[in-house]
Amino acid sequence: MQTSGVSTIERPGVAAPRTDGKLHALLAEFDSPQTLISACERVRDAGFSRWDAHSPYPIHGIDEAMGIRMTRLPYLVFVLGLTGCLTGIGLQWWANAADARQFGFVPTFLQGYNFPVSGKPFWSFPANIPVIFELTILFSALAAFIGMLAMNNLPLFSRPVFRSRAFTERVTSHGFFVCIEAADPKFNEARARTFLESIGALGVERVEDHDEAPLRNAWIKRGAVIAFMVLLIPPAMIAKAWTSKSNDPRVHIIQDMDNQEKYKAQQSMPLFADRRAARQPLPGTVARGDLRSDDHLYRGIVGEQFADDFPASVLVNESLIRRGQQRFGVYCAPCHGLDGSGNGPVNVRAMELGGSWVAAADLADDERRSRPAGHLYNTITNGIRTMPAYGDRIKPEDRWAIVAYVRALQHARHADADALPPDLVEQLKDR
(Lines give C-alpha, C1' and ligand atoms only; values in the text may rest on other atoms or scores of the structure.)
Protein backbone atom coordinates (compact mmCIF):
# COMPACT_ATOMS: atom_id res chain seq x y z
CA MET A 1 0.00 0.00 0.00
CA GLN A 2 1.20 3.49 -0.79
CA THR A 3 0.51 6.78 1.07
CA SER A 4 1.39 10.19 -0.36
CA GLY A 5 4.17 8.67 -2.44
CA VAL A 6 5.82 6.84 0.53
CA SER A 7 5.45 3.09 0.92
CA THR A 8 4.46 1.46 4.20
CA ILE A 9 6.65 -0.86 6.28
CA GLU A 10 7.62 -3.75 4.05
CA ARG A 11 5.85 -6.96 5.01
CA PRO A 12 4.71 -9.97 3.01
CA GLY A 13 1.88 -9.06 0.69
CA VAL A 14 2.58 -5.33 0.86
CA ALA A 15 3.33 -3.35 -2.26
CA ALA A 16 6.95 -2.44 -2.98
CA PRO A 17 8.08 1.06 -1.96
CA ARG A 18 8.03 3.92 -4.40
CA THR A 19 11.30 5.23 -5.74
CA ASP A 20 10.16 8.38 -7.52
CA GLY A 21 11.09 10.77 -4.70
CA LYS A 22 14.33 11.78 -3.04
CA LEU A 23 15.33 9.32 -0.33
CA HIS A 24 15.15 10.91 3.11
CA ALA A 25 15.60 7.95 5.45
CA LEU A 26 14.97 4.32 6.18
CA LEU A 27 12.31 3.72 8.83
CA ALA A 28 12.40 0.43 10.76
CA GLU A 29 9.70 -0.81 13.16
CA PHE A 30 10.32 -2.96 16.26
CA ASP A 31 7.88 -4.91 18.37
CA SER A 32 8.78 -3.88 21.96
CA PRO A 33 10.71 -1.37 24.07
CA GLN A 34 13.41 -3.95 24.78
CA THR A 35 14.08 -4.64 21.11
CA LEU A 36 14.07 -0.88 20.44
CA ILE A 37 16.76 -0.30 23.12
CA SER A 38 18.82 -3.19 21.73
CA ALA A 39 18.46 -1.81 18.20
CA CYS A 40 19.52 1.68 19.37
CA GLU A 41 22.65 0.23 20.95
CA ARG A 42 23.50 -1.58 17.70
CA VAL A 43 22.90 1.55 15.58
CA ARG A 44 25.02 3.60 17.99
CA ASP A 45 27.85 1.08 17.90
CA ALA A 46 27.67 0.95 14.08
CA GLY A 47 28.74 4.62 14.02
CA PHE A 48 25.63 6.28 12.62
CA SER A 49 25.30 9.92 13.66
CA ARG A 50 22.06 11.15 12.02
CA TRP A 51 19.32 8.94 13.29
CA ASP A 52 16.55 8.92 15.87
CA ALA A 53 14.28 6.62 17.85
CA HIS A 54 10.52 7.04 18.32
CA SER A 55 8.22 5.48 20.90
CA PRO A 56 4.71 6.15 22.29
CA TYR A 57 6.08 6.89 25.77
CA PRO A 58 9.43 7.59 27.48
CA ILE A 59 11.61 4.52 27.82
CA HIS A 60 14.07 4.30 30.69
CA GLY A 61 17.63 3.91 29.41
CA ILE A 62 16.95 5.04 25.84
CA ASP A 63 19.29 8.04 26.17
CA GLU A 64 22.26 5.85 27.12
CA ALA A 65 21.38 3.35 24.41
CA MET A 66 21.40 6.11 21.77
CA GLY A 67 24.59 7.66 23.14
CA ILE A 68 22.93 11.04 23.70
CA ARG A 69 25.23 13.41 25.53
CA MET A 70 24.19 15.87 28.25
CA THR A 71 22.52 18.89 26.72
CA ARG A 72 24.38 22.20 26.69
CA LEU A 73 21.16 24.07 27.38
CA PRO A 74 21.93 24.60 31.13
CA TYR A 75 25.09 26.50 30.21
CA LEU A 76 23.08 28.75 27.92
CA VAL A 77 20.46 29.31 30.63
CA PHE A 78 23.19 30.18 33.16
CA VAL A 79 24.89 32.66 30.84
CA LEU A 80 21.62 34.38 29.91
CA GLY A 81 20.45 34.37 33.53
CA LEU A 82 23.71 36.05 34.58
CA THR A 83 23.20 38.54 31.74
CA GLY A 84 19.71 39.30 33.06
CA CYS A 85 21.09 39.80 36.56
CA LEU A 86 23.74 42.24 35.34
CA THR A 87 21.16 43.98 33.15
CA GLY A 88 18.91 44.53 36.16
CA ILE A 89 21.80 45.95 38.18
CA GLY A 90 23.00 48.17 35.35
CA LEU A 91 19.53 49.38 34.40
CA GLN A 92 18.64 50.47 37.93
CA TRP A 93 22.05 52.02 38.53
CA TRP A 94 21.78 53.96 35.27
CA ALA A 95 18.16 55.01 35.90
CA ASN A 96 18.68 56.51 39.35
CA ALA A 97 22.30 56.35 40.51
CA ALA A 98 24.28 57.57 37.51
CA ASP A 99 24.91 61.29 37.19
CA ALA A 100 23.39 62.18 33.82
CA ARG A 101 25.51 65.33 33.65
CA GLN A 102 28.59 63.18 33.10
CA PHE A 103 27.08 61.66 29.96
CA GLY A 104 26.37 64.65 27.78
CA PHE A 105 26.56 62.57 24.62
CA VAL A 106 23.57 60.46 25.72
CA PRO A 107 20.16 61.70 24.50
CA THR A 108 18.01 63.29 27.19
CA PHE A 109 15.31 60.63 27.03
CA LEU A 110 17.91 57.93 27.80
CA GLN A 111 19.44 59.65 30.80
CA GLY A 112 18.69 58.63 34.38
CA TYR A 113 16.31 60.36 36.76
CA ASN A 114 18.35 60.91 39.98
CA PHE A 115 15.23 61.28 42.09
CA PRO A 116 15.95 61.63 45.83
CA VAL A 117 13.24 59.75 47.74
CA SER A 118 12.92 60.49 51.46
CA GLY A 119 16.66 60.89 51.82
CA LYS A 120 17.32 57.33 50.65
CA PRO A 121 20.54 56.59 48.74
CA PHE A 122 20.39 56.66 44.95
CA TRP A 123 21.75 53.11 44.88
CA SER A 124 20.97 50.41 47.44
CA PHE A 125 21.48 46.78 46.51
CA PRO A 126 18.73 45.28 48.75
CA ALA A 127 16.13 47.70 47.35
CA ASN A 128 16.99 46.64 43.79
CA ILE A 129 16.82 42.87 44.33
CA PRO A 130 13.20 42.43 43.04
CA VAL A 131 13.99 43.86 39.58
CA ILE A 132 17.30 41.96 39.45
CA PHE A 133 15.48 38.74 40.33
CA GLU A 134 12.74 39.28 37.75
CA LEU A 135 15.17 40.02 34.91
CA THR A 136 17.28 37.00 35.85
CA ILE A 137 14.20 34.78 35.64
CA LEU A 138 13.03 36.41 32.41
CA PHE A 139 16.34 35.99 30.61
CA SER A 140 16.72 32.41 31.89
CA ALA A 141 13.23 31.45 30.76
CA LEU A 142 13.74 32.97 27.32
CA ALA A 143 17.10 31.20 27.01
CA ALA A 144 15.55 27.86 27.93
CA PHE A 145 12.62 28.30 25.55
CA ILE A 146 14.42 29.78 22.53
CA GLY A 147 17.56 27.68 23.12
CA MET A 148 15.55 24.47 23.16
CA LEU A 149 13.86 25.40 19.89
CA ALA A 150 17.16 26.34 18.25
CA MET A 151 19.09 23.26 19.41
CA ASN A 152 16.32 20.99 18.14
CA ASN A 153 15.96 22.86 14.82
CA LEU A 154 12.39 23.79 15.71
CA PRO A 155 9.83 24.71 14.69
CA LEU A 156 9.36 22.28 11.82
CA PHE A 157 5.96 22.29 10.17
CA SER A 158 6.41 18.82 8.74
CA ARG A 159 8.81 15.88 8.62
CA PRO A 160 8.91 13.28 5.87
CA VAL A 161 8.30 10.47 8.43
CA PHE A 162 4.87 11.97 9.12
CA ARG A 163 3.83 10.87 5.65
CA SER A 164 4.32 7.23 6.58
CA ARG A 165 0.98 5.68 7.45
CA ALA A 166 2.60 3.01 9.62
CA PHE A 167 4.45 5.67 11.57
CA THR A 168 1.51 8.07 12.09
CA GLU A 169 -0.94 5.29 13.01
CA ARG A 170 1.23 3.44 15.56
CA VAL A 171 3.94 5.75 16.94
CA THR A 172 1.55 7.29 19.50
CA SER A 173 0.00 3.98 20.60
CA HIS A 174 2.15 0.84 20.28
CA GLY A 175 4.78 1.35 17.57
CA PHE A 176 8.55 1.56 18.16
CA PHE A 177 10.69 2.96 15.33
CA VAL A 178 14.27 3.74 14.38
CA CYS A 179 14.89 6.19 11.55
CA ILE A 180 18.32 6.47 9.88
CA GLU A 181 18.62 9.53 7.64
CA ALA A 182 20.14 9.40 4.19
CA ALA A 183 22.24 12.44 5.07
CA ASP A 184 24.29 10.33 7.50
CA PRO A 185 27.93 10.06 6.28
CA LYS A 186 27.89 6.25 6.68
CA PHE A 187 24.52 5.77 5.00
CA ASN A 188 24.18 3.32 2.14
CA GLU A 189 20.65 2.29 1.38
CA ALA A 190 21.29 -1.37 0.67
CA ARG A 191 23.70 -1.91 3.57
CA ALA A 192 21.50 0.13 5.94
CA ARG A 193 18.44 -1.93 5.00
CA THR A 194 20.29 -5.17 5.57
CA PHE A 195 21.64 -3.86 8.87
CA LEU A 196 18.20 -2.88 10.17
CA GLU A 197 16.74 -6.24 9.20
CA SER A 198 19.61 -8.00 10.96
CA ILE A 199 18.93 -6.27 14.29
CA GLY A 200 15.33 -7.46 14.47
CA ALA A 201 13.25 -4.94 12.49
CA LEU A 202 9.72 -6.13 11.69
CA GLY A 203 9.93 -4.21 8.45
CA VAL A 204 11.90 -1.42 6.77
CA GLU A 205 10.23 1.44 4.90
CA ARG A 206 11.80 3.81 2.43
CA VAL A 207 10.83 7.36 3.44
CA GLU A 208 10.98 9.82 0.59
CA ASP A 209 11.16 13.59 0.66
CA HIS A 210 9.14 15.15 -2.18
CA ASP A 211 9.55 18.72 -3.31
CA GLU A 212 5.90 19.69 -2.73
CA ALA A 213 5.02 20.68 0.81
CA PRO A 214 2.16 18.80 2.43
CA LEU A 215 -1.06 20.69 1.86
CA ARG A 216 -2.30 19.90 5.37
CA ASN A 217 0.52 22.01 6.83
CA ALA A 218 0.02 25.04 4.60
CA TRP A 219 -2.49 26.58 7.03
CA ILE A 220 0.16 26.53 9.78
CA LYS A 221 2.49 28.72 7.74
CA ARG A 222 -0.30 31.04 6.74
CA GLY A 223 -1.52 31.24 10.34
CA ALA A 224 1.99 32.03 11.57
CA VAL A 225 2.32 34.85 9.04
CA ILE A 226 -1.08 36.27 10.00
CA ALA A 227 -0.27 36.04 13.73
CA PHE A 228 3.04 37.81 13.16
CA MET A 229 1.31 40.60 11.27
CA VAL A 230 -1.29 40.97 14.04
CA LEU A 231 1.46 41.17 16.67
CA LEU A 232 2.98 44.08 14.74
CA ILE A 233 -0.18 46.18 15.27
CA PRO A 234 0.37 47.13 18.97
CA PRO A 235 4.01 48.23 18.44
CA ALA A 236 2.89 50.24 15.41
CA MET A 237 0.18 51.96 17.47
CA ILE A 238 2.66 52.70 20.25
CA ALA A 239 5.15 54.12 17.76
CA LYS A 240 2.45 56.32 16.24
CA ALA A 241 1.36 57.62 19.67
CA TRP A 242 4.99 58.25 20.62
CA THR A 243 5.80 60.30 17.55
CA SER A 244 2.53 62.22 17.14
CA LYS A 245 0.30 64.57 19.09
CA SER A 246 -3.44 64.35 19.61
CA ASN A 247 -6.16 66.43 21.25
CA ASP A 248 -8.13 63.32 22.13
CA PRO A 249 -7.74 61.65 25.56
CA ARG A 250 -5.68 58.51 25.77
CA VAL A 251 -7.26 55.09 25.48
CA HIS A 252 -8.41 54.08 28.94
CA ILE A 253 -9.12 50.35 28.79
CA ILE A 254 -9.11 49.61 32.53
CA GLN A 255 -11.42 52.26 33.94
CA ASP A 256 -11.22 51.25 37.62
CA MET A 257 -13.33 54.09 39.09
CA ASP A 258 -11.70 56.94 37.18
CA ASN A 259 -14.71 57.76 35.01
CA GLN A 260 -17.58 56.56 37.18
CA GLU A 261 -21.04 58.03 36.81
CA LYS A 262 -21.34 60.71 39.50
CA TYR A 263 -22.37 64.31 40.12
CA LYS A 264 -19.56 66.73 40.82
CA ALA A 265 -19.71 69.72 43.16
CA GLN A 266 -20.54 72.41 40.59
CA GLN A 267 -22.93 70.33 38.46
CA SER A 268 -26.69 70.71 38.50
CA MET A 269 -29.01 67.90 39.50
CA PRO A 270 -32.73 67.88 38.59
CA LEU A 271 -33.68 65.71 41.57
CA PHE A 272 -33.65 68.65 44.03
CA ALA A 273 -35.63 71.88 43.87
CA ASP A 274 -32.53 74.08 43.93
CA ARG A 275 -30.98 71.85 41.23
CA ARG A 276 -27.70 71.63 43.14
CA ALA A 277 -25.74 68.40 43.13
CA ALA A 278 -23.76 69.29 46.26
CA ARG A 279 -25.98 69.15 49.35
CA GLN A 280 -25.54 70.86 52.67
CA PRO A 281 -25.41 68.53 55.70
CA LEU A 282 -28.72 68.16 57.52
CA PRO A 283 -28.95 70.10 60.79
CA GLY A 284 -27.49 68.06 63.62
CA THR A 285 -25.62 65.70 61.30
CA VAL A 286 -22.54 64.20 62.95
CA ALA A 287 -19.96 62.03 61.27
CA ARG A 288 -19.84 58.45 62.45
CA GLY A 289 -17.72 58.19 65.59
CA ASP A 290 -17.70 61.99 66.15
CA LEU A 291 -20.81 62.42 68.32
CA ARG A 292 -18.78 62.83 71.55
CA SER A 293 -21.73 63.79 73.70
CA ASP A 294 -19.75 63.55 76.96
CA ASP A 295 -18.57 67.15 77.43
CA HIS A 296 -16.62 66.24 80.55
CA LEU A 297 -14.54 63.65 78.71
CA TYR A 298 -14.10 65.39 75.35
CA ARG A 299 -14.12 69.08 76.33
CA GLY A 300 -13.22 69.17 80.03
CA ILE A 301 -16.45 71.04 80.78
CA VAL A 302 -19.22 70.36 83.30
CA GLY A 303 -22.15 72.67 82.75
CA GLU A 304 -20.63 76.01 81.81
CA GLN A 305 -17.42 75.65 83.81
CA PHE A 306 -14.16 73.75 83.46
CA ALA A 307 -14.31 70.51 85.41
CA ASP A 308 -12.35 70.30 88.67
CA ASP A 309 -12.03 66.54 88.58
CA PHE A 310 -11.47 63.76 86.06
CA PRO A 311 -14.28 62.14 84.04
CA ALA A 312 -15.92 59.08 85.57
CA SER A 313 -14.68 56.95 82.64
CA VAL A 314 -11.04 57.85 83.39
CA LEU A 315 -9.61 55.80 86.23
CA VAL A 316 -6.80 57.73 87.89
CA ASN A 317 -4.17 55.25 88.99
CA GLU A 318 -0.46 54.56 88.61
CA SER A 319 -0.96 53.08 85.13
CA LEU A 320 -2.69 56.26 83.92
CA ILE A 321 0.03 58.49 85.38
CA ARG A 322 2.80 56.43 83.75
CA ARG A 323 0.95 56.65 80.44
CA GLY A 324 0.74 60.41 80.92
CA GLN A 325 4.47 60.54 81.68
CA GLN A 326 5.24 58.77 78.41
CA ARG A 327 2.96 61.06 76.36
CA PHE A 328 4.26 64.13 78.21
CA GLY A 329 7.80 63.17 77.26
CA VAL A 330 6.78 63.00 73.59
CA TYR A 331 4.63 66.14 73.20
CA CYS A 332 5.31 68.47 76.17
CA ALA A 333 8.87 67.92 77.39
CA PRO A 334 10.57 69.50 74.32
CA CYS A 335 9.37 72.92 75.57
CA HIS A 336 8.36 72.42 79.22
CA GLY A 337 11.16 70.01 80.17
CA LEU A 338 10.84 66.56 81.68
CA ASP A 339 10.10 68.08 85.11
CA GLY A 340 7.63 70.65 83.71
CA SER A 341 9.71 73.61 84.84
CA GLY A 342 9.97 75.11 81.34
CA ASN A 343 13.62 74.22 80.68
CA GLY A 344 13.01 72.02 77.66
CA PRO A 345 15.66 72.06 74.89
CA VAL A 346 13.40 73.90 72.43
CA ASN A 347 12.62 76.64 74.95
CA VAL A 348 16.28 76.97 76.04
CA ARG A 349 17.50 77.31 72.46
CA ALA A 350 14.74 79.78 71.54
CA MET A 351 15.53 81.95 74.56
CA GLU A 352 19.20 81.99 73.49
CA LEU A 353 18.24 83.16 69.99
CA GLY A 354 15.94 85.85 71.34
CA GLY A 355 13.25 87.40 69.16
CA SER A 356 9.53 87.15 69.82
CA TRP A 357 9.62 83.76 71.53
CA VAL A 358 7.47 83.56 74.66
CA ALA A 359 9.06 81.44 77.37
CA ALA A 360 7.40 78.13 78.13
CA ALA A 361 5.44 78.19 81.38
CA ASP A 362 6.46 76.40 84.57
CA LEU A 363 3.64 73.89 84.96
CA ALA A 364 4.13 73.71 88.71
CA ASP A 365 3.81 77.42 89.44
CA ASP A 366 0.92 78.78 91.46
CA GLU A 367 -1.08 79.87 88.42
CA ARG A 368 -1.09 76.40 86.79
CA ARG A 369 -1.68 74.67 90.11
CA SER A 370 -4.77 76.76 90.65
CA ARG A 371 -6.33 75.92 87.33
CA PRO A 372 -8.95 73.17 87.25
CA ALA A 373 -8.19 69.88 85.52
CA GLY A 374 -10.62 70.73 82.73
CA HIS A 375 -8.71 73.94 82.00
CA LEU A 376 -5.43 72.01 81.63
CA TYR A 377 -7.23 69.53 79.36
CA ASN A 378 -8.63 72.39 77.24
CA THR A 379 -5.15 73.94 76.96
CA ILE A 380 -3.74 70.68 75.60
CA THR A 381 -6.68 70.30 73.22
CA ASN A 382 -6.96 73.82 71.79
CA GLY A 383 -3.68 75.46 72.75
CA ILE A 384 -3.27 78.77 74.55
CA ARG A 385 -1.50 81.95 73.45
CA THR A 386 1.66 80.77 71.60
CA MET A 387 1.23 77.11 72.53
CA PRO A 388 -0.26 75.15 69.60
CA ALA A 389 -3.25 72.81 69.83
CA TYR A 390 -2.58 69.08 70.21
CA GLY A 391 -6.17 67.87 69.96
CA ASP A 392 -5.57 66.45 66.50
CA ARG A 393 -2.51 64.49 67.64
CA ILE A 394 -3.34 63.21 71.11
CA LYS A 395 -6.49 61.20 71.76
CA PRO A 396 -8.76 62.35 74.64
CA GLU A 397 -7.80 59.58 77.06
CA ASP A 398 -4.11 60.42 76.62
CA ARG A 399 -4.82 64.11 77.23
CA TRP A 400 -6.36 63.24 80.58
CA ALA A 401 -3.36 61.02 81.28
CA ILE A 402 -1.07 64.02 80.67
CA VAL A 403 -3.22 66.13 83.03
CA ALA A 404 -2.86 63.42 85.68
CA TYR A 405 0.92 63.43 85.23
CA VAL A 406 1.07 67.26 85.43
CA ARG A 407 -0.87 67.05 88.69
CA ALA A 408 1.66 64.49 89.94
CA LEU A 409 4.52 66.85 88.98
CA GLN A 410 2.81 69.72 90.81
CA HIS A 411 2.34 67.65 93.96
CA ALA A 412 5.94 66.44 93.79
CA ARG A 413 7.32 69.96 93.39
CA HIS A 414 5.26 71.32 96.30
CA ALA A 415 5.19 68.31 98.59
CA ASP A 416 5.18 68.97 102.37
CA ALA A 417 7.95 66.92 103.93
CA ASP A 418 6.24 67.02 107.31
CA ALA A 419 3.18 65.32 105.83
CA LEU A 420 5.18 62.37 104.46
CA PRO A 421 5.37 59.09 106.38
CA PRO A 422 8.58 58.86 108.46
CA ASP A 423 9.74 55.65 106.75
CA LEU A 424 9.39 57.29 103.31
CA VAL A 425 11.42 60.31 104.52
CA GLU A 426 14.21 57.98 105.64
CA GLN A 427 14.20 56.22 102.25
CA LEU A 428 14.50 59.57 100.45
CA LYS A 429 17.40 60.62 102.68
CA ASP A 430 19.24 57.39 101.91
CA ARG A 431 19.02 58.17 98.21
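Counting begins at 1 with the first residue of the sequence.
At most 12 heavy atoms of other shown residues, nucleotides or ligands fall within 6.0 angstrom of atom CG in Leu338. Within 6.0 Å of the CE atom in Met237, the count of heavy atoms belonging to other residues, nucleotides or ligands does not exceed 12. Within 6.0 Å of CZ in Arg44 there are more than 12 heavy atoms belonging to other residues, nucleotides or ligands. Remark: Gln280 CD is loosely packed, at most 12 non-hydrogen atoms of other residues, nucleotides or ligands lying under 6.0 Å away. Within 6.0 Å of the NE2 atom in His252, the count of heavy atoms belonging to other residues, nucleotides or ligands exceeds 12.
Formation of a donor-acceptor pair under 3.5 Å by the Asn347 side chain with backbone atoms of Ala359 is not found in this model. Here the side chain of Ser140 pairs a donor or acceptor atom with the backbone of Thr136 at under 3.5 angstrom. The main-chain N or O of Ser124 is found under 3.5 Å from a side-chain atom of Asn128 such that the two form a donor-acceptor pair. No donor-acceptor pair under 3.5 Å is formed between the side chain of Arg275 and the backbone N or O of Phe272. Judged by distance alone, with hydrogens and angles left aside, the side-chain atoms of Thr285 form a donor-acceptor pair with the main-chain N or O of Leu282 at under 3.5 Å. No donor-acceptor pair closer than 3.5 Å links the side chain of Asn152 to the backbone N or O of Leu154. Remark: side-chain polar atoms of Gln267 are paired, donor with acceptor, to backbone N or O of Lys264 under 3.5 angstrom. Side chain of His24 to main chain of Ala182: no donor-acceptor pair is present (N/O by atom type, distance under 3.5 Å, no hydrogens or angles).
The side-chain heavy atoms of Ile380 and Ile402, taken from C-beta on, include a pair separated by under 4.5 Å. Contact annotation: the side chain of Phe310 approaches that of Val403 to within less than 4.5 Å [non-hydrogen atoms, C-beta and beyond]. The shortest side-chain heavy-atom distance between Tyr405 and Arg327 does not fall under the 4.5 Å cut-off. Proximity of Asn188 to Arg193: side-chain heavy atoms (C-beta onward) are nowhere separated by under 4.5 Å. Considering only heavy atoms from C-beta on, Tyr377 stays 4.5 Å or farther from Pro372 through its side chain. When side chains are defined from C-beta on, Glu64 does not count as touching Glu41, because their heavy atoms never get closer than 4.5 Å. Here the side chains of Pro160 and Asp209 are in contact, with some heavy-atom distance below 4.5 Å. Put simply, the side chain of Glu29 reaches to within 4.5 Å of the side chain of Arg170, judged on heavy atoms.
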Show your reasoning for whether side chain to side chain contact (heavy atoms under 4.5 Å, CB included) applies to Arg191 and Thr194. CA-CA 5 Å; Arg191 288 197 294 268; Thr194 302; 5.7 Å; no
For side chain to side chain contact (heavy atoms under 4.5 Å, CB included), just list the numbers for Arg279 and Asp274, CA-CA rounded to whole Å, side-chain angles, deciding distance to a tenth of an Å, and then say yes or no. CA-CA 10 Å; Arg279 312 305 303 163; Asp274 59 6; 2.7 Å; yes
Show your reasoning for whether side chain to side chain contact (heavy atoms under 4.5 Å, CB included) applies to Phe176 and Val171. CA-CA 6 Å; Phe176 304 91; Val171 74; over 6 Å; no
Begin from the C-alpha positions of Ile89 and Cys85 and carry the test side chain to side chain contact (heavy atoms under 4.5 Å, CB included) through to its verdict. CA-CA 6 Å; Ile89 295 174; Cys85 175; 4.2 Å; yes
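Applying side chain to side chain contact (heavy atoms under 4.5 Å, CB included) to Leu26 and the options Val178, Val207, Leu196 leaves one that passes, Leu196. Remark: of the listed residues Lys186, Lys22, Arg50, Arg50 is the sole one forming a salt bridge (charged side-chain N to carboxylate O under 4.0 Å, His left out) with Glu181.
Ring orientation note: the planes of Phe48 and Phe195 are tilted relative to one another, at an angle of 30° to 60°.
In this structure, CD on Gln325 lies 10.0 Å from CD on Glu318, to the nearest 0.5 angstrom. One finds the CD atom of Gln410 at 6.5 Å from the CG atom of Leu376 (value rounded to the nearest 0.5 Å). Rounding to the nearest 0.5 angstrom, the gap separating the CG atom in Leu86 from the CH2 atom in Trp93 is 13.5 Å. If you take CZ on Arg42 and OG on Ser198, they are separated by 5.5 Å, rounding to the nearest 0.5 Å. With rounding to the nearest 0.5 angstrom, the CZ atom of Arg371 is 6.0 Å from the OG1 atom of Thr379. For the atom pair CZ of Arg299 and CG of Leu297, the computed distance is 9.5 Å after rounding to the nearest 0.5 Å.
Thr381 and Arg399 share a side-chain donor-acceptor pair at under 3.5 Å. Thr35 and Ser32 are linked by a side-chain donor-acceptor pair at a separation below 3.5 angstrom, with hydrogens and angles left out of the test. Of the N and O atoms on the side chains of Ser319 and Asn317, not one donor lies less than 3.5 Å from an acceptor on the other residue.
Minimum interatomic distance between Trp51 and Ile180 (heavy atoms only, all atoms of both residues): CB-CA, 3.9 Å. Closest non-hydrogen pair, Pro56 versus Gly175, comes out as CD-O, 3.1 Å. When every heavy atom of Leu231 is checked against every heavy atom of Pro234, the shortest pair comes out as O-CD, 3.4 Å. The minimum heavy-atom distance between Phe139 and Leu80, with the atom names listed, is CB-O, 3.1 Å. In this structure, Tyr263 and Ala277 approach most closely via the heavy-atom pair CB-CB, 3.7 Å. Scanning all heavy atoms of the two residues, the minimum distance from Phe328 to Gly337 falls at CE2-O, 3.2 Å.
Taking the six-membered ring for Trp and the full ring otherwise, Phe167 and His54 have centroids separated by under 6.0 Å.
A salt bridge links Glu352 with Arg349: the closest approach of a Lys/Arg side-chain nitrogen to an acidic carboxylate oxygen falls below 4.0 angstrom. Classification of Glu397 and Arg323 as a salt-bridged pair fails, no side-chain N sitting under 4.0 Å from a carboxylate O. Classification of Glu208 and Arg163 as a salt-bridged pair fails, no side-chain N sitting under 4.0 Å from a carboxylate O.
Both the sub-6.0 Å distance and the 45° axial angle are satisfied by Arg393 relative to the ring of Tyr390.
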